[in-house]
Amino acid sequence: MDSKKLEIRQVTKEYFQGIWRDRYILINLVNKDLQLKYRRSKLGIAWSILTPLGLVLIIGSVYSIIYGADPTTFIPLLFAGLNPWLFISGTADGGTIAFIAAEGYLKQTTVNAQIFPVRVAIVNFVNLLYSVIAFFTIYMFLQPMLFSAKMLLCIPGLAIMFIFCVGLANLAATINLSIRDYQPLQSLILQGLFYATPVIFPASMLAEKGFAFVYLVNPFYYIIEIVRTPMIGETVPSAITYIIAILISLLTFFFGVWVLMRNKKEISFKL
């Protein structure tokens, strides 16, 4: 047991040391990705705001009619939930090609492989921050009375979610090297989880129908909840929600680190 703990500690130390050593390469790659993503686009970075906003308006309008919900309350709830989900799914999806897209670096240089899943997570996180700013700008006009200090709790929620997503990216990047069918499989799983997770509907809808267990056993629910609930400003997540979210985030992160580092020496050979 002690040897296992020592191994995990050593692997984690090596993981962070590698990122620190190649931090300037990581920063340059992130800047390059952000610049290339919207190069020659007239709206540029505004697409990071318009894409989730467009989805929210379309889905929100339809669901408001179907369920008779008030658009001024339902659409912000949807926007606050869809933003974190797009970050999670985008990071997991981008993670599957993190090493494949960096084949030149990994085969021709001594750069540490662990920076590439982190690169994916940071790029998607920056786009998420733009969307969060857009949410608060719009929400200020729709529900100005709900703005309070409670909303600041979305900051630790975003940090916890980022750690969780780095773990997902590490796992996706490593698994996809050995199982090239993993990318479509993961997309299918995430698509199913999207409808099983209270993203486009409030969790109370499942609870009222006796299906609360659907989201209570869903780890994505807790990760999204600690971001969405503070953003809405009406209440704050319970302490148990934070505890569960932190545990899920840390377990996913350290498991992702362990899987990546155990396979690190073989990454360039599998490309």
Side-chain angles (χ1 to χ4, degrees), residues 19 23-24 26-39 41-57 59-60 75-95 98 115-143 146-170 172 190 194 197 199-200 220 222-233 236-237 242 245-246 248-249 252-253:
I19 292 176
R23 63 191 182 280
Y24 297 116
L26 175 60
I27 293 170
N28 288 331
L29 288 172
V30 169
N31 287 332
K32 180 182 177 182
D33 288 345
L34 291 172
Q35 291 170 4
L36 289 177
K37 185 172 183 178
Y38 302 108
R39 188 177 63 176
S41 170
K42 292 183 179 180
L43 294 178
I45 216 159
W47 282 114
S48 297
I49 299 170
L50 294 175
T51 299
L53 179 59
L55 288 173
V56 164
L57 291 176
I59 299 173
I75 288 180
L77 179 70
L78 180 59
F79 199 178
L82 194 60
N83 277 336
W85 179 264
L86 290 176
F87 169 58
I88 292 172
S89 60
T91 303
D93 189 54
I115 71 168
F116 296 104
V118 177
R119 165 194 184 183
V120 172
I122 293 176
V123 170
N124 281 281
F125 190 70
V126 170
N127 290 326
L128 169 65
L129 293 180
Y130 286 123
S131 297
V132 169
I133 293 171
F135 166 82
F136 283 123
T137 303
I138 295 169
Y139 200 44
M140 187 181 297
F141 291 99
L142 294 177
Q143 300 286 350
L146 291 178
F147 270 72
S148 67
K150 295 176 183 177
M151 291 180 167
L152 294 175
L153 285 173
C154 75
I155 297 174
L158 289 168
I160 294 167
M161 185 168 61
F162 177 77
I163 294 170
F164 172 74
C165 286
V166 171
L168 281 184
N170 285 337
L190 287 173
F194 174 73
T197 307
V199 176
I200 59 176
F220 291 90
Y222 298 96
I223 299 297
I224 290 177
E225 191 68 10
I226 59 172
V227 175
R228 174 170 58 185
T229 300
M231 286 176 64
I232 296 299
V236 296
Y242 274 107
I246 291 170
I248 290 170
S249 178
T252 303
F253 175 77

Consider side chain to side chain contact (heavy atoms under 4.5 Å, CB included). Of Thr91, Leu34, Leu128, which one does Val123 pass it with?
Leu34
Check Cys154 against Pro230 and note the closest heavy-atom contact, atom names and distance.
N-CB, 3.5 Å
Using the six-membered ring wherever Trp is involved, compare the ring planes of Phe220 and Phe164 and label them parallel, tilted or perpendicular (cut-offs 30° and 60°).
perpendicular
Give the minimum heavy-atom separation between Phe116 and Ala98, together with the two atoms involved.
CB-O, 3.7 Å
Ile27: side-chain contact (heavy atoms from CB on, under 4.5 Å) partners, not counting sequence neighbours
Asn31
Kindly give the heavy-atom pair with the smallest separation between Leu190 and Ser89, and that separation in Å.
CD1-CA, 4.1 Å
Can you list everything that forms a side-chain contact (heavy atoms from CB on, under 4.5 Å) with Ile122? Sequence neighbours excluded, please.
Leu26, Val30, Val118, Val126, Phe162
Out of curiosity, Asp33 CG to Asn28 CG, how far, rounded to the nearest 0.5 Å?
11.0 Å
Pro84 versus Met161, closest heavy-atom pair with distance:
CB-SD, 3.6 Å
For the CE atom of Met231 and the CZ atom of Phe79, what is their distance to the nearest 0.5 Å?
7.5 Å
Could you give the distance from CD1 (Ile223) to CD1 (Ile88), rounded to the nearest 0.5 Å?
6.5 Å
If only atom types and distance count, is the side chain of Tyr139 paired as donor or acceptor with the main-chain N or O of Ile232 below 3.5 Å?
yes
Given side chain to side chain contact (heavy atoms under 4.5 Å, CB included), test Leu158 with Phe125 step by step and report yes or no.
CA-CA 9 Å; Leu158 289 168; Phe125 190 70; 4.1 Å; yes
For Ile155, what residues pass the side-chain contact (heavy atoms from CB on, under 4.5 Å) criterion, not counting sequence neighbours?
Leu152
Where do Ala92 and Leu168 come nearest, in terms of heavy atoms and distance?
CB-CD1, 4.5 Å
Please answer whether the main-chain N or O of Ile133 pairs with a side-chain N or O of Thr137 as donor and acceptor at a distance below 3.5 Å.
yes
Looking only at non-hydrogen atoms, find the nearest pair between Tyr222 and Ile248 and report the distance.
CD1-CD1, 4.1 Å
Between the SG atom in Cys165 and the CD1 atom in Ile163, the distance rounded to the nearest 0.5 Å is 10.5 Å
With rounding to the nearest 0.5 angstrom, report the CG to CG distance, Asn127 to Leu86.
10.5 Å
Approximate separation, where rounding is to 0.5 Å, of Arg228 CZ and Leu82 CG
10.0 Å
